[in-house]
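In the text below, chain A, chain B and the rest are named by the order of the sequence lines, each starting its count at 1.
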There are 2 protein chains.
Amino acid sequence: MFKTIKPKRISDYIVEQIENLIRKGTLKPDDKLLPERELAKKFNVSRSSVREALNILQEKGLIVSIQGDGTFIRPLTDSIVQDGVRSFMKRDPATAWELMDIRKTLELWAVKRATEMLDENSSNAIKEMFYDLEKDYKLGKRSENSDTEFHLSVIKAAKNTVLTHMMTSIFQVLRDAVNIGREYLLDAKGFSKEKLFNQHKMVFDAIIKKDPLMAENNLKKHLSFIDKDFKEYLYKMYNAKNKEKMKISNNENMN
Amino acid sequence: MFKTIKPKRISDYIVEQIENLIRKGTLKPDDKLLPERELAKKFNVSRSSVREALNILQEKGLIVSIQGDGTFIRPLTDSIVQDGVRSFMKRDPATAWELMDIRKTLELWAVKRATEMLDENSSNAIKEMFYDLEKDYKLGKRSENSDTEFHLSVIKAAKNTVLTHMMTSIFQVLRDAVNIGREYLLDAKGFSKEKLFNQHKMVFDAIIKKDPLMAENNLKKHLSFIDKDFKEYLYKMYNAKNKEKMKISNNENMN
DNA sequence: ATGGTATATTGGTCATACCAACGAGTTATA
DNA sequence: TATAACTCGTTGGTATGACCAATATACCAT
């Protein structure tokens with residue numbers, strides 16, 4: 001009935017206006033904005049508030065300010081919206097590692113639960129996803145997608161809506177973190193793909209047999225394997241980062 | 001060949017530092033940041049620059065500023081947890097039940113982990129929270145807050161930043177769902193308070209003794225108990241829900 | 001044609017003052 | 001006694017004016 005009133009700051013109104021002008025196309029890429037001092041006059045606010053607004057827009061990636069030159073509209077393609085968690089992860093692989101622990105814990109619980117309360121619907125869904133996975137494997141295709149989908153189908157079978165949403169988010173974030181690297185690692189190892197598929201198969205079989213404990217155990221093996229793989233990848237990433245630390249800190253101000 | 005040099009603004013350095021503190025867990029969810037004026041002194045910069053940094057962090061969703069009160073660290077997993085929950089929860093209390101399952105799973109893992117890698121700092125933090133709980137209990141006060149704090153102190157001891165943020169969000173949502181009702185239930189039962197405290201004590205003792213398995217088991221007992229309690233409450237709520245539908249939907253947008 | 005220089009413009013930072021919202025403790029009131 | 005109203009210190013929000021630093025431009029020297 002009543003909505004809470006969040007006091008809007010002046011800068012919010014400015015952000016809103018400028019954002020609209022950009023979306024409507026009135027302000028085109030590379031257009032130069034009025035100087036801060038003049039914007040302040042136009043809006044009849046202080047320069048502080050204008051700057052606050054411009055900072056927000058800059059953080060959103062909509063504009064870019066260049067000292068001594070001016071403020072310019074940025075082509076939208078340049079702006080990559082960064083989610084809070086994701087930006088964290090990119091800078092510090094350890095965070096991804098932590099998230100992986102959480103994933104393991106929840107998924108192990110989920111598979112047991114899913115197996116216990118498996119019904120026909122869930123069973124069919126899981127089968128479908130597994131067959132996709134199998135197909136990809138036999139064709140030698142990247143299984144990145146079907147892999148995730150298979151795991152998610154199992155998780156969904158646990159019939160916990162919140163968990164499903166949560167895990168979907170987590171998988172998304174993890175995928176961002178691992179991205180191409182994982183597939184790359186697998187290629188490098190060669191044997192992994194087969195091993196990986198067999199692990200999936202063992203989990204799948206246990207579920208279909210309605211053996212919760214076996215399902216949990218088999219998944220545990222799989223996840224431990226992934227984990228190692230994942231850790232290794234993160235480790236490489238992390239070390240590569242450190243090696244270039246000097247370079248980075250030297251280039252700290254560079255783009 | 002040559003990379004362009006983008007001069008870093010002062011606020012960027014501040015953002016970076018604070019972001020790191022959050023990531024490392026030094027700044028935990030709901031922690032209060034120093035006032036802007038004092039931050040300015042600490043960093044030896046002007047308040048403007050501090051504000052610029054805080055605005056950016058706010059835009060990233062890592063903190064939230066409240067006029068007249070202060071600036072606080074926001075759990076960075078709010079989105080992951082609440083995307084799935086918020087909207088459902090209010091429509092269907094059963095969702096809270098699901099969330100409780102997730103809590104159980106994660107917390108059981110956390111307590112084991114925490115006990116395994118318990119160091120002095122964590123130990124002291126947990127002791128402090130437990131003594132608060134004990135005090136509340138002996139004084140017959142509502143233990144709602146100290147209860148949560150105790151649980152969270154244990155979770156923090158697992159040293160998984162993402163988990164800490166996540167569980168903070170979960171507890172928040174759960175508390176929202178249960179609200180006053182829980183305390184009410186306890187009062188109605190009479191015996192519960194003592195039993196509840198003893199359960200906490202058993203968990204606490206096991207942790208201090210560095211016995212991971214016992215800690216896990218004792219917590220499991222506690223959570224099962226809570227669980228039952230919780231379910232009962234939800235059940236009542238759910239039945240009452242239809243009667244008071246109007247009331248609930250009225251409050252839907254309130255905070 | 002190249003490189004240096006002067007200057008006006010513009011974003012970046014700082015200091016200060018005041019306003020507005022909040023929390024906590026105190027007092028007044030029912 | 002309980003509760004409402006008030007006071008006051010703290011803290012974020014806004015305004016202003018000053019100065020610094022980077023940039024573009026035009027002009028000058030070589």
Angle class for the B/Phe204/B/Tyr131 ring planes (parallel below 30°, perpendicular above 60°, tilted otherwise)? perpendicular
How close or far is atom [atom2] of [N] from atom [atom1] of [X], stated in whole angstroms?
X       : N      : atom1 : atom2 : answer
A/Asp69 : C/dA8  : CG    : P     : 18 Å
A/Leu39 : C/dT10 : CG    : P     : 11 Å
A/Ile63 : C/dG11 : CD1   : C1'   : 11 Å
A/Lys41 : C/dT9  : NZ    : P     : 12 Å

For nucleotides 14-20 of chain C, just jot down a letter per nucleotide in 5' to 3' order: B, S or -, based on protein non-hydrogen atoms under 4.0 Å. B--BB-B
So side-chain hydrogen bond (donor to acceptor under 3.5 Å, both in side chains) across residues 112-127 of chain B, not counting sequence neighbours, yields A/Asp101-B/Arg113, B/Asp119-B/Ser122, B/Asp119-B/Lys159, B/Ser122-B/Lys159
With heavy atoms of chain A within less than 4.0 Å as the criterion, where does contact along DNA chain D begin and end? D/dG13 to D/dA24
In chain order, what residues pass the side chain to side chain donor-acceptor pair (under 3.5 Å) check against B/Ser48, with sequence neighbours excluded? none
What does B/Ile66 touch in the nucleic acid at a heavy-atom separation under 4.0 angstrom: a base, only the sugar-phosphate, or nothing? sugar-phosphate
Side-chain donor-acceptor pairs under 3.5 Å in residues 26-35 of chain A, sequence neighbours left out?
residue : atom : partner : partner atom : Å
A/Asp31 : OD2  : A/Lys28 : N            : 2.9
A/Lys32 : NZ   : A/Asp69 : O            : 3.3

Which pair of heavy atoms, one from B/Ile207 and one from B/Ala215, lies closest together, and at what distance? CG1-CB, 4.1 Å
Going by atom types only, do B/Asp147 and B/His151 share a side-chain donor-acceptor pair under 3.5 Å? yes
Show, in sequence, the C-alpha distance, side-chain angles and deciding distance for B/Ser65 and B/Thr71, and conclude whether the side chain to side chain donor-acceptor pair (under 3.5 Å) test is met. CA-CA 4 Å; B/Ser65 293; B/Thr71 302; 3.2 Å; yes
Got a sec, which pairs hit salt bridge (Lys or Arg N to Asp or Glu O under 4.0 Å) with one end in residues 164-173 of chain A, sequence neighbours left out? none
